[in-house]
Amino acid sequence: MSDSRTIQLTFPEPDVALLTFDLPGKGANILSRSVLEEFYEHLQALEKRFDLAGLVITSGKPDIFIAGADLREFAAALDADQPPAALRKQTIEICTQGQSLFGLLANRPYVTVAAIHGISVGGGAELAVWCDRRVFSHAESTQYGFPEVKLGLMPGWGGTARLPRLVGLGNAVEMISSGESIDAKAAGLMGLAIDVAAPAELVPAAIRVVRAEQQSGDWLKDRQRWTGPIAISETELGFLGATASGYIQQHTHGHYPAPLSALEVMLGGAGVDIATALKMEADAMSDLFGSPVNRALINVFFLTDRNKRDTGLAKPVAPKTIESVAVIGAGIMGQGIAAANVRRRIPATITDASPEALRRGVEKVLEEVSFNKTIKGPDAKRAFEFGPLLTPTSTDAEVARASLVIEAIVEREEVKREFYSRLEPLLAPDAILASNTSTIPITQLAAGLARPERFVGLHFFNPVRKMPLVEVIRGEKTSDETVATMVAYAKRLGKSPIVVGDGPGFLVNRLLLPYMHEAVQLLVEGVPLKAIDKAAKAFGMPMGPLELYDIVGLDTAMHAGAVMHSAFPDRVSDSPLLRALYGAGRLGQKSGAGFYSYRNKKKRAEPDPTLDEFIRPLLGGKSQPEKLSGEQLTDRLFLPMLLEATRVLEEHVARDARDVDLGLIFGIGFPPFRGGLLFWADTLGASAILKRLEPYKSLGARYAPTPMLLEMARRDAKFYK
Ligand code: NAI
């Protein structure tokens with residue numbers, strides 16, 4: 001017997017066994033190797049109980065059934081650096097063992113029922129899918145799914161073979177290749193849940209299922225049916241394959257192989273018996289496990305996991321609770337920040353120097369919070385629920401009542417400081433004043449404040465609704481309590497905060513600006529706009545840098561660029577092109593044109609021939625556009641970003657490589673399948689990066705190797721230790 005006691009065996013009725021998963025000392029049940037062994041021992045012991053009518057499997061955790069396999073064990077297998085053939089063999093073994101173990105649930109001499117309350121994902125969902133029947137709790141926390149594709153994998157313990165047999169191929173393809181979870185209602189509709197009950201009634205409901213199945217004998221017929229191929233015509237199969245693969249391609253752009261691979265396995269496994277389908281699954285898993293994308297996504301998983309537990313401080317400091325906020329500036333960012341608060345039911349006051357901007361801002365916030373995803377439009381119930389939480393105001397006195405004031409006005413130091421000096425005397429002594437500035441150092445902004453310890457940078461990313469990152473920027477005098485309070489508050493908004501050091505552009509914009517700056521440089525070297533944005537997207541960025549300028553706003557970008565230019569004149573130059581566009585009122589999306597034009601019905605970016613008039617005078621007589629390959633463009637765009645990352649590490653603006661990577665993924669959508677900027681750099685190696693920099697020597701400091709990179713190349717060191 002293994003000595004950990006995660007699974008308790010009890011008998012709620014003399015002929016019904018109940019196995020309750022409850023991993024000691026942990027919030028979630030995880031299927032580690034030792035827990036699986038323990039499960040096997042229980043099933044073996046129960047094999048001899050011919051008197052049993054049924055076995056019910058449930059969890060002792062408040063809101064989790066089983067959270068899946070132990071990813072740390074997976075990561076350890078990857079770190080072991082085994083040759084690919086050995087890793088492949090090991091993967092097949094792990095899959096086969098899991099399939100055989102869970103397969104026992106489908107051939108015991110009694111009915112097996114999973115009683116599911118709370119999160120049931122990955123390996124936990126696979127365990128349940130092998131049971132004869134499933135009963136779900138109707139609690140909101142009950143979420144059932146197969147998120148393996150999000151890690152670059154697919155279910156490997158029989159999920160791809162068993163789920164399609166239970167709920168139909170179409171439903172299974174949708175669930176497994178999207179990785180999205182379903183609730184109890186959806187599970188009931190697709191026949192995955194035979195019953196839905198209140199959490200407290202779950203086990204009695206499962207026992208009723210055991211009795212009913214023993215009466216009808218349906219479970220035995222289903223067992224028989226589910227070992228064979230799925231009844232689906234060739235035509236249906238072909239249609240499903242074509243539509244699903246089209247959909248997947250559209251969403252993954254070919255960067256994520258797992259969803260397509262899972263689709264292939266499910267389509268192929270449909271026409272064969274389940275034993276063959278299981279073998280196909282294990283084989284396909286062995287192609288995915290340890291692949292570059294899988295390694296990168298596992299890294300992102302661990303980055304996210306660390307962030308969830310991170311308080312932002314090395315020592316424990318109790319955060320204060322924010323009761324209400326005031327947002328100053330009802331522009332792009334102010335709107336997003338106010339909406340994020342209201343959605344989390346934190347009362348928000350909003351103001352703007354311009355009454356028209358305030359009116360428009362309030363309208364936008366209400367539009368956003370009343371949007372209902374299901375009906376894809378405004379929802380009166382949401383409007384009534386959230387509307388009263390938003391208060392527009394034009395008086396400082398009303399603003400000053402909030403326990404947190406977030407300033408999101410224009411990126412101009414003197415305007416921000418004028419506002420602080422006016423407001424600070426009115427604030428409660430323990431209120432926090434935060435700036436959403438994208439670039440201006442916090443210590444500089446705090447000069448002249450009476451309580452600089454309660455002043456902090458709280459930098460949201462655009463669009464706030466979508467981007468999970470919030471940088472909490474500590475100025476020289478910001479107190480630990482202020483930092484701890486902002487980290488806790490950002491988490492309450494559902495965001496992923498990272499604490500970063502002060503300095504122009506802080507962490508993420510410090511890295512983003514060289515990349516955006518380079519895009520404009522390339523334009524004035526004659527590289528077509530489309531080629532630049534295309535190269536960034538081919539690398540995996542959600543949009544090109546020039547599209548991003550238009551979304552950020554060329555005015556904001558120019559002010560931010562000016563801050564960076566004065567801080568790092570050797571690397572960031574003042575851009576005449578940006579100035580010219582700004583001068584012509586081309587501010588990007590918000591004014592209808594920037595690098596692209598948005599003067600179409602859907603306000604989508606489309607090429608604008610008049611842009612050439614701004615570029616031509618700056619080409620310096622070059623008539624032929626430069627021909628750079630995709631790889632050269634990638635290097636031109638991303639190497640300056642990488643070099644800047646080594647500088648922020650040297651200067652301790654970022655705590656470590658992991659914060660750099662998480663910041664870029666969550667703040668600017670750096671492609672997760674690359675694992676992060678520095679994770680990607682590690683896959684190249686420092687010496688290879690130095691080689692890739694060589695051709696750009698003539699471009700000066702922007703491409704000059706940094707001391708850190710040179711030292712890493714000398715020691716053959718990596719960013720991730
Ligand atoms: P925006 O131009 O859309 O909105 C700024 C608003 O501030 C305008 O409505 C303006 O009327 C108002 N305003 C100006 N002076 C004011 C004052 N003294 N009192 C009250 N309101 C005043 O600008 P956006 O993009 O929302 O930027 C706001 C801040 O957020 C800036 O510091 C910017 O650097 C930062 N930021 C911007 C991001 C972006 O992508 N646009 C991303 C992250 C931060």
Side-chain angles (χ1 to χ4, degrees), residues 326-340 349-365 368 392-396 398-400 405-424 426 433-442 444-445 456-473 490 495 500 504-513 516 542-543 545 547-564 582 585 587-591 594 663 666-669:
V327 180
I328 320 304
I332 304 181
M333 295 307 288
Q335 293 160 17
I337 297 168
T349 301
I350 186 165
T351 187
D352 197 291
S354 142
E356 172 52 20
L358 180 60
R359 191 197 56 74
R360 218 172 347 138
V362 167
E363 206 176 282
K364 289 269 184 201
V365 177
E368 186 180 328
T393 185
S394 55
T395 72
D396 285 349
E398 210 164 343
V399 164
V405 175
I406 305 174
E407 168 274 305
I409 62 185
V410 283
E411 186 73 343
R412 288 188 23 221
E413 186 175 338
E414 69 284 4
V415 183
K416 290 182 190 287
R417 286 182 58 177
E418 192 279 322
F419 166 73
Y420 305 153
S421 61
R422 213 176 68 213
L423 189 78
E424 196 192 25
L426 308 178
L433 178 57
S435 176
N436 184 51
T437 172
S438 7
T439 47
I440 311 170
I442 294 305
Q444 205 169 307
L445 284 177
V456 65
L458 191 68
H459 182 209
F460 290 82
F461 287 74
N462 186 9
V464 179
R465 182 172 30 89
K466 273 203 193 145
M467 304 316 282
L469 185 68
V470 171
E471 283 179 331
V472 175
I473 305 129
K495 300 289 178 196
V500 300
F506 320 116
L507 171 61
V508 173
N509 280 343
R510 169 99 182 255
L511 305 185
L512 181 66
L513 262 281
M516 293 183 65
M543 67 179 76
E547 272 176 284
L548 183 59
Y549 267 109
D550 281 354
I551 289 187
V552 168
L554 265 55
D555 46 349
T556 301
M558 210 181 64
H559 294 313
V563 174
M564 303 302 277
Y582 172 76
L587 305 184
Q589 220 174 36
K590 62 182 164 190
S591 72
F666 280 0
I668 64 165

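Worth knowing before you read on, the calculation uses all heavy atoms, side chains too, and leaves out hydrogens, waters and symmetry mates. Counting starts at 1 for both ligands and their atoms, following the listed order.
Checked against salt bridge (Lys or Arg N to Asp or Glu O under 4.0 Å), E414 has the following partners two or more places apart in sequence or in another chain: R412. With sequence neighbours left out, K495 forms a side chain to side chain donor-acceptor pair (under 3.5 Å) with no residue at all.
Close contacts of ligand 1 with H459, meaning ligand atoms under 4.0 Å from a residue heavy atom, involve 43 (C), 44 (C). Those atoms of ligand 1 that come under 4.0 Å of a heavy atom in T437, given as number and element, are 32 (O). Atoms of ligand 1 found under 4.0 Å from any heavy atom of A357, numbered from 1 in the order shown, are 9 (O).
Residue N436 touches ligand 1 through backbone and side chain together, judged by heavy-atom distances below 4.0 Å. Contacts of K590 with ligand 1, taken as heavy-atom pairs under 4.0 Å, involve the side chain alone.
The N/O atoms of N462, backbone and side chain alike, include one that comes under 3.5 Å of an N/O atom in ligand 1. Checked by distance only, ligand 1 and A353 come closer than 3.5 Å through their nitrogen or oxygen atoms. Some N or O of I409 is nearer than 3.5 Å to an N or O of ligand 1, by distance alone. Considering both main-chain and side-chain atoms, S438 comes within under 3.5 Å of ligand 1 through a nitrogen or oxygen pair. Backbone and side-chain nitrogen or oxygen atoms of V552 are examined, and one is located within less than 3.5 angstrom of a nitrogen or oxygen of ligand 1. Between S354 and ligand 1, not a single N/O pair is under 3.5 Å apart. The shortest N or O to N or O distance between M333 and ligand 1 is under 3.5 Å. Every N/O-N/O distance between V415 and ligand 1 stays at or above 3.5 Å.
Ionic pairing of R360 and D352 is not present here: no N-O contact between side-chain nitrogen and carboxylate oxygen is shorter than 4.0 angstrom. With respect to the salt-bridge test (charged N to carboxylate O, under 4.0 angstrom), the residues E418 and R422 qualify.
Heavy atoms only, all atoms of each residue included: N509 and M564 are closest at O-CE, 4.0 Å. Residues Y549 and M516 approach most closely at OH-O, 3.1 Å, considering heavy atoms. Of all heavy-atom pairs between A357 and A330, the closest is O-CB, 3.8 Å.
For the pair F461 and ligand 1, no heavy-atom separation below 4.0 Å is found. Contact between K416 and ligand 1 is present, with at least one heavy atom of the residue lying under 4.0 Å from the ligand. In this structure, G553 does not count as a contact residue of ligand 1, since none of its heavy atoms falls inside 4.0 Å of the ligand.
A donor-acceptor contact under 3.5 angstrom links the side chains of E407 and S435, judged on distance only. Judged purely by distance below 3.5 Å, without hydrogens or angles, the side chains of E413 and Q444 pair a donor atom with an acceptor atom.
Counting only heavy atoms of the protein, atom 23 (O) of ligand 1 lies nearest to T556 OG1, 4.2 Å. In this structure, the protein non-hydrogen atom closest to atom 4 (O) of ligand 1 is G331 CA, 3.2 Å. Atom 10 (C) of ligand 1 has its closest protein heavy atom at D352 OD1, 3.5 Å. The shortest contact between atom 3 (O) of ligand 1 and any protein heavy atom is with I332 N, 3.0 Å. Closest protein heavy atom to atom 28 (C) of ligand 1: A408 O, 3.2 Å.
To the nearest 0.5 Å, atoms CD1 (I668) and CE (M543) are separated by 10.5 Å. Between the NE2 atom of H459 and the CD1 atom of I442 there is a distance of 9.5 Å, given to the nearest 0.5 Å.
Atom NZ of K364 has 12 or fewer neighbouring heavy atoms from other residues, nucleotides or ligands inside a 6.0 Å radius. Annotation for Y582: atom OH does not count as buried by contact number, only 12 or fewer foreign heavy atoms lying within 6.0 Å.
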